[in-house]
Amino acid sequence: KCHSCAVDFSPFNRRHHCRNCGEIFCDKCSQGRIALTAEDNAPLVRVCDRCMTEVTQRLSIAKDVANRSATVQSHEDLARKLKVIYCFFPVIYSFKWLCT
């Protein structure tokens, strides 16, 4: 039976494995194709509808983090960003000398 909709499998209703969670689904419940990693050459694989949402969110977050880290162009940029953080939160950080 399909893990999602509980339909019975037959010669006409084939079973498919989700490449993310490993459960068995019918074609209707596993139509998504997505790369499971953020690598450029990662192959598209079949995933269930639930995992399609999960993997899409995970890859979106990973790309956002990668884009943010790519915006730091130099050590000076990083130092300026850290100074802003430390000066806005002086109670948390004891780097008051940095804010002068």
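FYI, the numbering just counts along the sequence from 1.
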Close side-chain approach of R58 and N20, heavy atoms under 4.5 Å
yes
To the nearest 0.5 Å, what is the distance between CZ on F25 and CZ on R15?
13.5 Å
When rounded to the nearest 0.5 angstrom, what distance separates CZ in R19 from OG in S30?
9.5 Å
Shortest non-hydrogen contact from D8 to N13?
O-ND2, 3.1 Å
Residues that R50 engages under side chain to side chain donor-acceptor pair (under 3.5 Å), provided they are two or more places apart:
none
Does R46 pair with D27 as a salt bridge, N-O distance under 4.0 Å?
yes
Hey, what do you get for SG (C26) to NE2 (H16), rounding to the nearest 0.5 Å?
8.0 Å
Check T37 against A42 and note the closest heavy-atom contact, atom names and distance.
OG1-CB, 3.3 Å
Determine the sole option in C29, C51, S4 for which the side-chain contact (heavy atoms from CB on, under 4.5 Å) test with C18 is passed.
C51
Heavy-atom side-chain contact between H3 and I24 under 4.5 Å
no
Just by modelled atom types, is the M52 backbone N or O under 3.5 Å from a matching donor or acceptor in the T56 side chain?
yes
Joint cluster assignment, L59 & V45, ILVMFWY side-chain distance < 4.5 Å
yes
Between the side chain of R33 and the main-chain N/O of Q31, is any donor-acceptor distance below 3.5 Å?
yes
